[in-house]
Amino acid sequence: MSDPTRIPMYHPEEIEPRWQKRWDADGLYEADIDPDKEKFYALTMLPYPSGDLHIGHWYAMTPSDARARFKRMQGYNVMFPMGFDAFGLPAENAAIQRSIHPKEWTYSNIDNMRRQLRSMGAMFDWRREAISADPEYYKWTQWFFNQFFNNDLAYQKEAPVDFCPHCNTTLAREQVQGEDRHCERCGTPVIKKDLRQWFFRITNYADELLDFSEMDWPDQVQTLQTNWINRSEGASVIFTTEGGDELEVFTTRPDTLWGATFMVLAPEHPLVQKLTTAEQVEAVAEYQDQAKRMGDIQRESADREKTGVFTGGYAINPVNDERIPIWIADYVLMSYGTGAIMAVPSHDQRDFEFARKYDLPIIVVIQPADIDPIVADDMTEAIPAKGAMVNSGPLTGTPGDEAFDKAVAFLEERGVGKRAVNYRLRDWLISRQRYWGAPIPIIHCEKCGAVPVPDEDLPVLLPDDVAWRPTGESPLKLHPTWRHTTCPKCGGKAERETDTMDTFMCSSWYHLRYLSPHYSEGPFDPEEYNYWMPVDIYTGGIEHATMHLIYTRFFHKALRDLGITRGKEPMLQLRNQGMVLGEDNEKMSKSRGNVISPDELVAEYGADTVRAYLMFFARWELGAPWNSSGIEGSARWLRKVWYLFLEPADHAGTASKDVIKDLRRKVHQTLKSVTHDFETFSFNTIVSGLMELLNEMTTAKAEGAFGTDAWQEAESIYLRMMAPVSPHIAEELWMKAGYDYSIHTQPWPEVDEAATKEEELTLIVQVNGKLRDRLTVPVGIGEAEAKAASLESENVASFLEGKTPKKVIYVPGRLVNIVV
RNA sequence: GGGGCAGUGGCGGAAUGGCAGACGCAACGGACUUAAAAUCCGUCGGUGGUAACACCGUGUGGGUUCGACUCCCACCUGCCCUACCA
């Protein structure tokens with residue numbers, strides 16, 4: 001088909017850099033405020049500068065870019081920025097391994113990745129690039145800390161916190177993962193340490209974070225966040241120890257209060273020492289030691305047999321004044337609720353196991369209607385089902401559906417408890433004992449306490465000359481001079497906070513820095529904010545559901561309450577891509593040797609082919625294993641497109657009216673579906689639709705359509721449809737065809753609805769729902785006509801076997817179903 | 001233990017409740033070529049049949065419906081999240 005002597009061959013390696021240079025020089029993708037145009041802020045998660053852009057980045061960003069381009073052609077003023085999340089543990093760990101300064105390592109990686117990102121041919125507006133490790137960026141990260149500190153959203157607290165012994169730093173609860181409770185970054189199981197750390201009051205926003213009503217976010221992310229926050233409704237109840245101390249517990253089952261036969265405290269509970277009697281001191285101390293040694297990993301495995309020790313102390317059950325023993329056991333966690341529970345063995349499985357093991361009394365107080373009368377001594381497991389209250393003093397007989405409310409009312413009347421809500425969400429621990437992060441802008445003064453560095457003194461610069469090897473202490477503490485300063489309040493001798501901030505703090509607001517990355521009057525230029533915010537579409541991986549995506553929502557809401565941002569949510573729409581696995585169907589990793597390098601692919605096929613394949617080869621939200629021969633299909637597609645439009649045809653202009661009509665129909669039908677698929681993120685069917693149209697156009701060309709008006713229309717529409725997918729070849733062919741520069745500033749083509757209409761349709765004829773015949777009939781066929789034609793079909797007759805149809809169902813334009 | 005997602009040819013996948021398997025990859029047969037690559041034409045879910053065609057077929061079992069890959073219920077398998085959460 002191709003004759004290289006007549007037309008140039010398709011050489012992406014020549015075309016792509018040429019257009020990238022031209023677009024760059026022309027500022028084609030620079031997005032500025034334009035009050036006459038509707039704005040569209042398209043955001044994709046910024047990469048970590050870990051060295052190389054991997055195929056996962058391309059997979060995430062290419063469709064995001066294509067859709068941003070599509071929106072632009074639709075007439076929106078589209079901003080699509082890019083930057084680097086440059087602080088944090090991985091950069092530092094890698095730097096340690098290689099003995100290079102983290103700064104040097106990070107910034108040389110950024111240079112490399114910026115080059116790789118440019119090779120994608122994406123419409124990033126590089127003027128808006130933001131790098132979180134730049135002082136002009138982290139100045140404002142620190143400023144936000146001050147805002148939080150000054151408004152009681154940041155506080156310091158000594159607490160048992162998660163500590164990664166490999167990374168030598170504390171972690172937020174969200175950054176501890178999996179059954180073995182390992183570090184999100186390095187995979188090492190964490191340990192608990194008692195440390196004084198900085199926290200943000202994200203729990204103030206727990207309820208608001210559960211409200212997704214004004215967002216178009218995937219259900220899955222909403223569910224993950226909802227489960228993570230884990231709101232539970234119940235009651236807080238005040239028990240009193242015999243020593244007169246109040247012992248508050250949280251329960252979701254106030255209706256079982258009369259069945260509480262003992263209490264259990266976490267071994268670390270502050271009241272334990274006071275409660276313990278002389279006889280029990282030794283046993284309690286030993287158990288506490290043991291619990292401390294064991295750590296959370298073993299403690300929290302539910303299948304382990306329950307253990308515990310009696311303190312010797314007693315409490316009074318406030319609903320019936322019963323005297324019940326107080327135990328300690330490691331199945332009660334200090335980090336949830338109040339670190340103390342009332343134990344109702346009859347209706348809670350854990351309490352049941354514990355009671356059986358230590359021979360504690362079991363009293364049945366709930367009798368579900370559909371279960372035989374429960375006898376405590378015969379129970380083999382707890383009965384957690386709701387039901388009518390029994391053995392419950394004045395509330396005995398209360399039906400199951402009223403039990404909760406009545407019990408709470410009873411508590412409130414007596415003044416011993418109240419309705420309460422508890423969350424699993426913990427406050428966000430942001431202190432890190434590492435070097436490569438934004439210093440927490442606090443000065444500790446003996447007289448004045450923790451004093452924020454005045455805003456005008458920001459940024460607190462990270463010193464370069466630091467021994468940044470991790471020791472478990474902040475490296476900044478080891479710097480000879482850095483920490484020594486004077487108190488901004490009293491002028492006395494004082495010391496800087498030496499911990500740095502969690503890098504998730506930097507990434508919680510980067511979408512705001514893109515608005516005006518060099519603005520010096522504030523974190524962002526309000527004028528830019530007013531025009532561009534909120535983010536219209538945010539794309540990225542779902543692994544951030546309970547980390548970045550919850551932090552950034554909190555950040556926005558907290559800032560809104562401080563008058564800095566506006567609106568309920570920062571990102572209106574979210575879509576998550578899946579993962580590209582290795583060809584062996586395993587996660588890509590260097591150790592497995594199954595990593596696919598985008599640089600090599602670009603060198604071999606060109607960026608346009610890689611882009612097209614990434615959009616085509618899987619359902620975007622699911623991902624799939626890589627297939628290195630599959631990409632040949634996309635390469636073939638682009639080659640075919642190239643020759644389709646450039647290679648002259650025999651019999652040009654001789655096409656019949658029918659060929660022209662069919663061509664226009666297919667073009668406009670494809671335009672309709674491609675437009676729809678861009679809107680709905682169905683990227684794979686965009687490419688398959690274009691491939692299908694190519695096949696049809698190849699036939700039409702052979703039938704003489706080349707050179708006709710309809711052909712020219714088809715070409716113009718085809719190139720514009722493919723421009724978001726493969727921007728370089730589209731531009732090249734567009735210019736070769738003699739249209740105006742640039743294809744990427746052209747309007748999205750309009751569907752000619754009339755042209756999409758079929759004249760004939762295939763009428764499906766079914767007998768009892770089974771396909772028996774296909775009839776070609778005119779589109780305007782009436783019901784009676786269609787039914788009659790179907791009944792006349794010979795195939796149908798053979799299946800009717802002379803029986804009379806009971807019913808004939810007609811679906812206009814589709815089918816006739818004959819029921820016998 | 002709790003929650004979520006997924007299950008369609010050898011593979012990736014397509015299908016507003018209405019022709020299952022579009023499009024592509026791989027494979028096979030053929031054309032072109034000294035040859036290979038590239039390109040082009042054709043076949044390509046299973047069983048039976050020379051064929052026309054018939055029957056079966058979207059993880060399993062039920063249900064709703066004239067009609068189910070699609071909706072509902074239960075289950076199986078895989079992946080992900082979460083977990084003594086009181």
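Below, read A as the first sequence line, B as the second, and so on, with proteins coming before strands; counting in each chain starts at 1.
With respect to A:Arg173 and A:Asp427, no salt bridge is recorded, no charged nitrogen being found less than 4.0 Å from a carboxylate O. Comment: A:Arg419 does not engage A:Glu233 in a salt bridge, judged by the lack of any side-chain N to carboxylate O separation of less than 4.0 angstrom. Look at A:Glu692 and A:Lys666 and you find a salt bridge, because one of the NZ, NE, NH1 or NH2 atoms lies within 4.0 Å of a carboxylate O, short of that distance.
Side-chain polar atoms of A:Thr685 and A:Asp677 form a donor-acceptor pair below 3.5 angstrom. A side-chain donor from one of A:Tyr287 and A:Thr307 sits under 3.5 Å from a side-chain acceptor of the other. A donor and an acceptor atom, one from each side chain of A:Glu353 and A:Tyr331, are nowhere located under 3.5 Å apart. Neither side chain, A:Thr539 nor A:Gln577, offers a donor N or O lying under 3.5 Å from an acceptor on the other.
OP1 or OP2 of B:A14 sits under 4.0 Å from a side-chain N or O of A:Asn684. For the OP1/OP2 pair of B:U82 and a distance below 4.0 Å, the side-chain nitrogens and oxygens of A:Arg181 include no atom meeting the criterion. For B:A26, one of the phosphate oxygens OP1 or OP2 lies less than 4.0 angstrom from a side-chain nitrogen or oxygen of A:Arg636. Regarding contacts with the backbone of B:A86, every side-chain N or O of A:Arg424 stays at 4.0 angstrom or more from both OP1 and OP2. In this model, the phosphate group of B:G12 is not approached by any side-chain N or O of A:Asn585 to a distance below 4.0 Å at OP1 or OP2.
Following rounding to the nearest Å, A:Met547 (CE) and B:C81 (P) show an atom-to-atom distance of 10 Å. Summarising the geometry, the separation between CG on A:Leu425 and P on B:A83 is reported as 12 Å, rounded to the nearest angstrom. Straight-line distance from the CG atom of A:Leu622 to the P atom of B:C80: 15 Å, rounded to whole Å. The interatomic distance linking A:Phe212 (CZ) with B:G4 (C1') rounds to 14 Å, in whole Å. In this structure, A:Ile542 atom CD1 and B:C81 atom P are separated by 11 Å, rounded to whole Å. Atom pair A:Arg253:CZ and B:C85:P shows a separation of 14 Å (rounding to whole Å applied). Following rounding to the nearest Å, A:Glu381 (CD) and B:G1 (P) show an atom-to-atom distance of 12 Å. A:Ile596 has its CD1 atom 16 Å from the P atom of B:G12, to the nearest Å.
Between A:Tyr718 and A:Phe645, the ring centre distance stays below 6.0 Å. For A:Tyr613 and A:Trp637, the ring centers are positioned 6.0 Å apart or more. Centroid-to-centroid, the aromatic rings of A:Phe354 and A:Phe262 come within less than 6.0 Å.
Ranking B:U39, B:C23, B:G12 by closeness to the A:Ala618 side chain, first place goes to B:G12. Closest approach to the A:Thr252 side chain among B:U39, B:A83, B:A86 is made by B:A86 (side chain taken as heavy atoms from C-beta onward). Listed nucleotides: B:C55, B:C85, B:U82. Nearest to the side chain of A:Phe799: B:C55. Nearest to the side chain of A:Phe616, among B:C23, B:C85, B:A14, sits B:C23. For A:Arg619, the side-chain atoms get nearest to B:G7 when compared with the rest of B:C66, B:U82, B:G7. Side-chain proximity of A:Asn230 to the nucleotides B:C23, B:A83, B:C85 is greatest for B:C85. Of the listed nucleotides (B:C84, B:A54, B:C40), B:A54 has the atom at the smallest distance from the side chain of A:Arg772. Comparing B:C66, B:A86, B:G7 against the side chain of A:Ser232 picks out B:A86 as the nearest. Among the nucleotides B:C5, B:C85, B:G12, the one closest to any side-chain atom of A:Phe617 is B:G12. Taking every side-chain heavy atom of A:Thr223 into account, B:G4 is the closest of B:G18, B:C23, B:G4.
Only the C1' atoms considered, B:A51 is 47 Å distant from B:C5, to the nearest whole Å. When the P atom is compared between B:A26 and B:U65, the two are found 47 Å apart, to the nearest whole Å. Comparing B:U50 with B:A14, their P atoms sit 38 Å apart, to the nearest whole Å. B:A37 and B:C28 have their P atoms separated by 12 Å, with the value rounded to a whole Å. A distance of about 30 Å separates the C1' atoms of B:G1 and B:C71, rounded to the whole Å. Of the C1' atoms belonging to B:A35 and B:A22, the separation is 37 Å, rounded to the nearest Å. Here, B:U8 and B:G21 have their C1' atoms 7 Å apart, quoted to the whole Å. Taking atom C1' on both B:G2 and B:C55, the two are 45 Å apart, rounded to the nearest angstrom.
Between the side chain of A:Lys306 and the base of B:C84, a donor-acceptor pair under 3.5 Å is found. Checked by distance alone, A:Arg774 brings a side-chain donor or acceptor within 3.5 Å of a matching partner on the base of B:C19. Interface remark: the A:Arg814 side chain does form a donor-acceptor pair with the B:U16 base, using a distance-only criterion of under 3.5 Å.
Across all strands shown, A:Ile764 has heavy atoms under 4.0 Å from base atoms, whether or not it also approaches the sugar-phosphate. Nucleic acid contact for A:Gly623: sugar-phosphate only, since backbone atoms but no base atoms lie under 4.0 Å from a heavy atom of the residue. Within 4.0 Å of A:Val811, counting heavy atoms only, lies at least one base atom of the nucleic acid. A:Asn422 comes within 4.0 angstrom of nothing in the nucleic acid, heavy atoms only. Counting non-hydrogen atoms under 4.0 angstrom, A:Lys770 reaches the backbone sugars and phosphates but no base. Using a 4.0 Å heavy-atom criterion, one finds that A:Gln766 contacts the bases of the nucleic acid, with or without backbone contacts as well. Nucleic acid contact class of A:Asp348 (heavy atoms, under 4.0 Å, all strands): none.
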In dot-bracket form, how is RNA chain B paired, counting a Watson-Crick or G-U wobble pair only if both its distances are under 3.5 Å and using | for bases paired to another strand?
(((((((..(((.....[....))).(((((.......))))).((((....))))..(((((..]....))))))))))))....
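The nearest heavy atom of RNA chain B to A:Ser688 and to A:Thr338 marks one nucleotide each, and the one closer to the 5' end goes with A:Ser688. For A:Lys807 and A:Gln177, each mapped to the nucleotide of RNA chain B holding its nearest heavy atom, the one lying further toward the 5' end belongs to A:Lys807.
Shown here, B:G9 is classed syn by the O4'-C1'-N9-C4 or O4'-C1'-N1-C2 angle, which is within 90° of 0.
Interatomic distance, CZ of A:Phe352 versus CD1 of A:Ile383, reported as 8.5 Å (0.5 Å rounding).
Closest of all the heavy-atom pairs between A:Arg350 and A:Asp348 is NH2-OD2, 2.6 Å.
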